[in-house]
There are 2 protein chains.
Amino acid sequence: MSNDHKRPLTLRDVSEASGVSEMTVSRVLRNRGDVSEATREKVLAAAKELGYVPNKIAGALASNRVNLVAVIIPSLSNMVFPEVLTGINQVLEDTELQPVVGVTDYLPEKEERVLYEMLSWRPSGVIIAGLEHSEASRAMLEAAGIPVVEIMDTDGKPVDAMVGISHRRAGREMAAAILKAGYRHIGFMGTKMPLDHRARKRFEGFTEYLAKNGVEIEDREFYSGGSALAKGREMTQAMLERSPELDFLYYSNDMIGAGGLLYLLDKGIDVPGQIGLAGFNGVELLQGLPRQLATMDACRLEIGRKAAEIISARLSEPPAETESQITLVPKISYGDTLKRR
Amino acid sequence: MSNDHKRPLTLRDVSEASGVSEMTVSRVLRNRGDVSEATREKVLAAAKELGYVPNKIAGALASNRVNLVAVIIPSLSNMVFPEVLTGINQVLEDTELQPVVGVTDYLPEKEERVLYEMLSWRPSGVIIAGLEHSEASRAMLEAAGIPVVEIMDTDGKPVDAMVGISHRRAGREMAAAILKAGYRHIGFMGTKMPLDHRARKRFEGFTEYLAKNGVEIEDREFYSGGSALAKGREMTQAMLERSPELDFLYYSNDMIGAGGLLYLLDKGIDVPGQIGLAGFNGVELLQGLPRQLATMDACRLEIGRKAAEIISARLSEPPAETESQITLVPKISYGDTLKRR
DNA sequence: TTGAAAGCGCTAACAA
DNA sequence: TTGTTAGCGCTTTCAA
């Protein structure tokens, strides 16, 4: 631990301190090739003594191997993506691979920049949220020559592999459950995010199914910014004042749904008798509310895990066989806010 | 976009395609040095046409410059750290610097591994949560020869710079407010995390202040895992059944506090008359509850921003002057669950 | 304004 | 089991 000089230590320093060639030092530090126990110990002692930290930049350049997996997601403030990351981490932890996260804020141009930036580090694989990308982004992904897994959504054609759920189907199934339960006057609340394609697809699936059954959404409202719980409360109040005939409220995420639920309970409204509610995501965080919101699990952890497994399998030597188009099927959880029929 | 060969493109390819030397191509792509408009355009056209993405690994090795800032935090599933990241991002977005995140799960050994891993990419700076690190980690930070900002906590001695709040003081101040409001029978609930030093310090500050005023915590309970909201509810119920004399509940975070609050409201208990409540963090997410929980803002966004500013200032050419020990002072927000006196 | 040569710190491939 | 040589793709430095 006696690095007084400001210059970072190199293999050469360890080599000189231990009297072993740079090459052998390198072998010891990477556990590669046969090295006698004696030299091995000499080297490790010297490296530790000096406080040597290998330079991966040089290593990567020389070996043409970079054990990084680029993970590109729209947001961190959402609770859904951190959970996907957790799944990815769980799997990659048992491998040499390291995730590196980039955030796009749902902006295609930013996605493009982030992707470019990450690819310039020559990662071994890419996990990226969504199937919708700018043309330039798709081109980069195709040209990168590395495994690419598009996650969260399966309504579309992937560049390479994909793991997710069908949000269209999720919307349809919730619509089916709602109609089956006998509700007919439906309001919708969601985020004002034209670029959240998954929310859009859920909405489309939802309305299409209703339309096929002669039902139309009677009121809708979109929000942006602020505390989702508070927004759910406010929007619900506003909507019910405006459209008192509604008997069901479908929320595009659980947080605003929870806000709505708390509002209705406050008001002493009978849920799900007078008004039914459903959200989307299956946010574990909400257990602990006075009533459980009906929702649909987005399979976040599992998506992360499967995506990482695909990357890891493709990168193993020799490449392992894997399915490369995985559609998970979320189940409705009725909770206490959607009648069961 | 016609990279049919699997070999990634190099500067040389762009050089050949444009008839300009590699060196000049490099200059164009980095906007460095004087290049005639004519060649400049030739180069950019060729690069775009080929779909060239520069290799930062080689660039970093040659220039000995890596525009990465290692950000090391204990967890992502917490809502507090994503917000710190947002602050960091906001500031770094206007610079050349890029954050790279590593997660330690509150484990010192994992912190050590993650730190080692990140330092081996020779980042330009480090932002790391907490002041408590293993000896090896401290040694690495000291030896790295780059700006290091320790964040969140200021109760201790930093390796280099620090930005945060005093959690001891936060605990003391909450204790003071509680006593001042007249509560005397206090219960505490928190996470079972011996390695969460900030929660520990808050707890210590809290109990010390109480002790000085002749008050002692009368019941306590710790949880781990599961939905915080649900845990808060369960623990609150259990504690009040066990210790019905309690008139105040102090929660180590807002989520369990919210669970407790919902439970008490369910039960029709008078808050804050019969029982007062307080949490910690200032989670915006909770606005929208029927009552606002008393809490204390942890200044997460500001901490992230200030930390990034310090790194950025230190790295500018010439290095800008900055304060390097910043203690933010959180304010109590009384909400509707703590009497004001 | 442009180009040529050297070398960043490491590892692959080969030799001893 | 260990060492030597060459070179990864870029940028620095210096020369033209």
Side-chain angles (χ1 to χ4, degrees), chain A residues 3 5-44 46-47 50 52-67 96 119-124 144-145 317, chain B residues 3 5-44 46-47 50 52-67 96 119-124 144-145 317:
Chain A
N3 175 21
H5 12 281
K6 278 290 86 146
R7 171 183 62 77
L9 295 162
T10 68
L11 263 191
R12 166 175 227 111
D13 295 307
V14 182
S15 165
E16 281 169 2
S18 62
V20 177
S21 79
E22 282 186 46
M23 195 53 233
T24 300
V25 171
S26 166
R27 284 194 266 252
V28 170
L29 265 22
R30 287 176 299 145
N31 290 310
R32 281 248 194 307
D34 295 320
V35 181
S36 76
E37 196 47 43
T39 38
R40 180 183 180 65
E41 275 166 19
K42 257 193 297 188
V43 169
L44 289 176
L50 294 173
Y52 172 70
V53 176
N55 185 330
K56 287 220 178 188
I57 296 183
L61 184 60
S63 65
N64 198 26
R65 262 194 295 271
V66 182
N67 293 326
E96 301 276 64
L119 289 180
S120 71
W121 287 101
R122 300 286 187 266
S124 296
E317 206 57 64
Chain B
N3 173 20
H5 12 280
K6 275 293 82 147
R7 173 180 63 77
L9 295 162
T10 69
L11 264 191
R12 166 176 227 111
D13 295 306
V14 182
S15 164
E16 281 168 4
S18 62
V20 177
S21 80
E22 281 186 50
M23 195 51 238
T24 300
V25 171
S26 167
R27 282 195 265 256
V28 170
L29 265 22
R30 286 176 301 145
N31 289 309
R32 280 245 195 310
D34 295 320
V35 181
S36 75
E37 195 48 42
T39 40
R40 179 182 180 66
E41 274 166 18
K42 256 194 299 187
V43 169
L44 289 177
L50 294 173
Y52 172 70
V53 176
N55 185 330
K56 288 221 178 188
I57 295 183
L61 184 61
S63 66
N64 199 27
R65 261 193 296 271
V66 182
N67 292 327
E96 301 274 66
L119 288 181
S120 70
W121 287 99
R122 300 287 186 268
S124 297
E317 206 57 64

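Residue numbering restarts at 1 for every chain, and letters A, B, ... go by the order of the sequence lines. This structure is a prediction, so every number in the text was calculated from the model and none was measured.
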> Taking atom P of C/dG9 as reference, at what distance in whole Å does atom CG of B/N55 sit?
Replying inline: 17 Å
> B/R27 CZ to D/dG9 P: how many Å, rounded?
Replying inline: 21 Å
> From C/dT11, D/dG9, D/dG3, pick the nucleotide closest to the side chain of A/T24?
Replying inline: D/dG3
> Over how many whole Å does the gap from A/K42 atom NZ to D/dT2 atom P extend?
Replying inline: 8 Å
>> Is the phosphate of C/dT2 approached by B/T39 (side-chain N or O, under 4.0 Å from OP1 or OP2)?
In response: yes
>> Taking 4.0 Å as the cut-off, does a side-chain nitrogen or oxygen of B/R65 come that near to OP1 or OP2 on D/dT12?
In response: yes
> B/R32 has an atom CZ; how far is it from atom P of D/dT13, in whole Å?
Replying inline: 12 Å
> Counting side-chain heavy atoms from C-beta on, which of C/dT2, C/dT11, C/dG3 comes nearest to B/M23?
Replying inline: C/dG3
> If you check every side-chain atom of A/A62, which of D/dT2, C/dT11, C/dG3 has the closest atom?
Replying inline: C/dT11
> Taking only N and O in the side chain of A/Y52, is any of them less than 4.0 Å away from OP1 or OP2 of C/dC10?
Replying inline: yes
>> Output the rounded distance in Å from CZ (B/R12) to P (D/dG7).
In response: 12 Å
>> If the cut-off is 4.0 Å, is A/S36 near the phosphate of D/dT2, judged by side-chain N/O to OP1 or OP2?
In response: yes
> If you check every side-chain atom of A/L11, which of C/dC10, D/dT11, D/dT2 has the closest atom?
Replying inline: C/dC10
>> So if I take every side-chain heavy atom of A/S63 and compare against C/dC8, C/dG9, C/dT11, which nucleotide ends up nearest?
In response: C/dT11
> How many Å lie between CD on A/E22 and C1' on D/dG7, as a whole number?
Replying inline: 14 Å
> Counting side-chain heavy atoms from CB outward, which of C/dG9, C/dT11, C/dT2 is closest to A/S26?
Replying inline: C/dT11
> Between C/dC8 atom P and A/L61 atom CG, what is the distance in whole Å?
Replying inline: 13 Å
> Among the nucleotides C/dG3, D/dT4, D/dG9, which one has an atom lying closest to any side-chain atom of A/S21?
Replying inline: D/dT4
> Is there a donor-acceptor pair under 3.5 Å between the side chain of A/S120 and the backbone N or O of B/N55?
Replying inline: no
> Between D/dC10, D/dT11, D/dG3, which nucleotide has the shortest distance from any of its atoms to the side chain of B/R30?
Replying inline: D/dT11
> Should we say atom CD of A/E96 is surrounded by more than 12 heavy atoms from elsewhere, each under 6.0 Å from it?
Replying inline: no
> Do other residues, nucleotides or ligands put more than 12 heavy atoms under 6.0 Å from the CZ atom of A/R30?
Replying inline: yes
> Over how many whole Å does the gap from B/W121 atom CH2 to C/dC10 atom C1' extend?
Replying inline: 12 Å
>> Using only atom types and a distance under 3.5 Å, with no angle test, would you say the side chain of B/S15 pairs donor to acceptor with the backbone of B/L11?
In response: no
> Hey, is the main chain of B/G59 close enough, under 3.5 Å, to the side chain of B/S63 for a donor-acceptor pair?
Replying inline: yes
